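These values consider heavy atoms only, across backbone and side chains, with no hydrogens, waters or symmetry-generated copies. On a predicted model such as this, the values are computed, not experimentally measured, just so you know.
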Amino acid sequence: MPSVTPAEIERTIRNIPDFPKPGIQFKDITPVLADARLFAGAIDLLCDGFKPGSVDAVVGIDARGFIFAAAAAIKLQAGFVPVRKKGKLPHKTHEQDYELEYGTATVAMHIDALKPGDNVLLVDDLLATGGTSAAAAALVKKLGAEILEASFLIELRFLNGREKLKGCKVKSLVVY
């Protein structure tokens with residue numbers, strides 16, 4: 001049983017108004033990361049339901065998702081696979097475009113990062129509109145791996161991001 005509750009994590013997340021631009025309510029997770037008990041508890045909650053050996057790889061999304069995904073990979077005795085912004089990975093990659101408010105962006109994963117049949121836990125700090133997460137999920141599926149769950153520290157439910165992850169089990173610890 002995890003030693004931390006989602007409510008404790010929520011109370012520790014700082015709300016920063018008008019960052020990075022007016023009208024945005026930024027959810028600052030750094031106080032959670034700075035508290036060893038809360039950070040470890042958040043990892044426990046993100047991995048809840050999975051035992052070491054049940055996951056082949058934890059896929060983390062650039063950049064804050066790396067923090068949680070790498071720690072989850074260690075806990076689950078699994079590999080860590082980064083999904084990065086286009087042009088940041090050194091080897092051959094598969095790429096996936098996704099929609100932004102104004103335009104598109106692209107994420108990439110190494111072509112040999114996963115094997116067909118691998119069981120994957122997809123982890124990120126935030127589920128907002130779901131574009132990045134859906135693009136990461138598409139890359140995982142392109143390599144023939146199966147997403148057991150997409151797990152997020154925070155979900156901004158009013159942005160309907162989970163709609164873009166249809167077919168994936170989605171878990172969010174703190175929902176706004």
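Among all heavy-atom pairs drawn from Leu100 and Ala105, the shortest one is CD1-CB, 3.7 Å. Nearest heavy-atom pair, Thr106 versus Glu95, reported as atom, atom and distance to 0.1 Å: CG2-CB, 3.7 Å. Ala42 and Leu153 make their closest contact through CB-CD1, 4.0 Å (heavy atoms, listed as atom of the first residue, atom of the second, distance). Residues Ala69 and Gly60 come closest through the heavy atom pair CB-CA, 3.4 Å.
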**Item:** Thr12 vs Asp35, side-chain contact (heavy atoms from CB on, under 4.5 Å): CA-CA, chis, key distance, verdict
**Value:** CA-CA 9 Å; Thr12 308; Asp35 183 311; 5.5 Å; no
(message) Please determine whether side-chain contact (heavy atoms from CB on, under 4.5 Å) holds for the pair Glu8 and Leu38, giving the CA-CA distance in whole Å, both sets of side-chain angles, and the decisive distance to 0.1 Å.
(response) CA-CA 8 Å; Glu8 288 178 275; Leu38 288 177; 4.0 Å; yes
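In this structure the side chain of Val59 reaches within 4.5 angstrom of the side chain of Met109, judged on heavy atoms. Using a 4.5 Å heavy-atom cutoff, the side chains of Val81 and Val58 are not in contact. A 4.5 Å side-chain heavy-atom check between Leu127 and Leu156 finds every atom pair outside the cut-off. In this structure, Ser172 and Arg157 have side chains that are not in contact, with every pair of non-hydrogen atoms separated by 4.5 Å or more. Taking the side chain as every heavy atom from C-beta outward, Leu76 and Leu121 approach each other to under 4.5 Å. With contacts defined as side-chain heavy-atom distances shorter than 4.5 Å, the pair Thr129/Asn160 does not qualify. Residues Ile9 and Leu45 have side chains in contact (heavy-atom distance under 4.5 Å, counting atoms from C-beta outward).
Looking at Asp118, its side chain does come within 3.5 Å of a backbone N or O of Lys115 through a donor-acceptor pair. Between the Asp56 side chain and the Asn119 main chain, a donor and an acceptor come within less than 3.5 Å of each other. Not a single donor-acceptor pair under 3.5 Å links the side chain of Ser133 to the backbone N or O of Gly130.
Taken to the nearest 0.5 Å, the NZ atom of Lys169 stands 9.0 Å off from the OG atom of Ser151. Between atom CD of residue Gln96 and atom NZ of residue Lys142 there is a gap of 5.5 Å, rounded to the nearest 0.5 Å. For the atom pair SG of Cys47 and NZ of Lys75, the computed distance is 6.0 Å after rounding to the nearest 0.5 Å. Distance OG1/Thr93 to NZ/Lys88: 13.5 Å, rounded to 0.5 Å. Atom-to-atom distance recorded for Asp44:CG and Phe39:CZ is 11.0 Å, nearest 0.5 angstrom. Distance NZ/Lys92 to NE2/His110: 11.5 Å, rounded to 0.5 Å.
Applying the side chain to side chain contact (heavy atoms under 4.5 Å, CB included) test between Ile61 and each of Val107, Asp124, Leu126, Val123 identifies Asp124 as the sole match.
Taking hydrophobic clusters as Ile, Leu, Val, Met, Phe, Trp and Tyr residues chained together by side-chain heavy-atom distances below 4.5 Å, Phe68 does not share a cluster with Val120. Val4 and Phe50 fall within the same hydrophobic cluster, where Ile, Leu, Val, Met, Phe, Trp and Tyr residues are linked whenever their side-chain heavy atoms come under 4.5 Å apart, directly or through other members. Under the 4.5 Å side-chain contact rule for hydrophobic residues, Leu143 and Val83 share a cluster. Using a 4.5 Å cut-off between side-chain heavy atoms of Ile, Leu, Val, Met, Phe, Trp and Tyr, with links allowed through other members, Tyr98 and Leu122 fall into the same hydrophobic cluster. Clustering ILVMFWY residues whenever any of their side-chain heavy atoms sit less than 4.5 angstrom apart, transitively, puts Leu173 in a cluster other than the one holding Phe152.
A salt bridge does not link Glu146 with Lys141: every distance from a Lys NZ or Arg NE/NH1/NH2 to an Asp or Glu carboxylate oxygen is 4.0 Å or more.
With Tyr176 as the aromatic partner, Lys27 meets the cation-pi criteria of under 6.0 angstrom to the ring centre and within 45 degrees of the ring axis.
A donor-acceptor pair shorter than 3.5 Å cannot be found between the side chains of Asp97 and Thr104. Judged by distance alone, the side chains of Arg14 and Thr30 do bring a donor and an acceptor atom under 3.5 Å apart.
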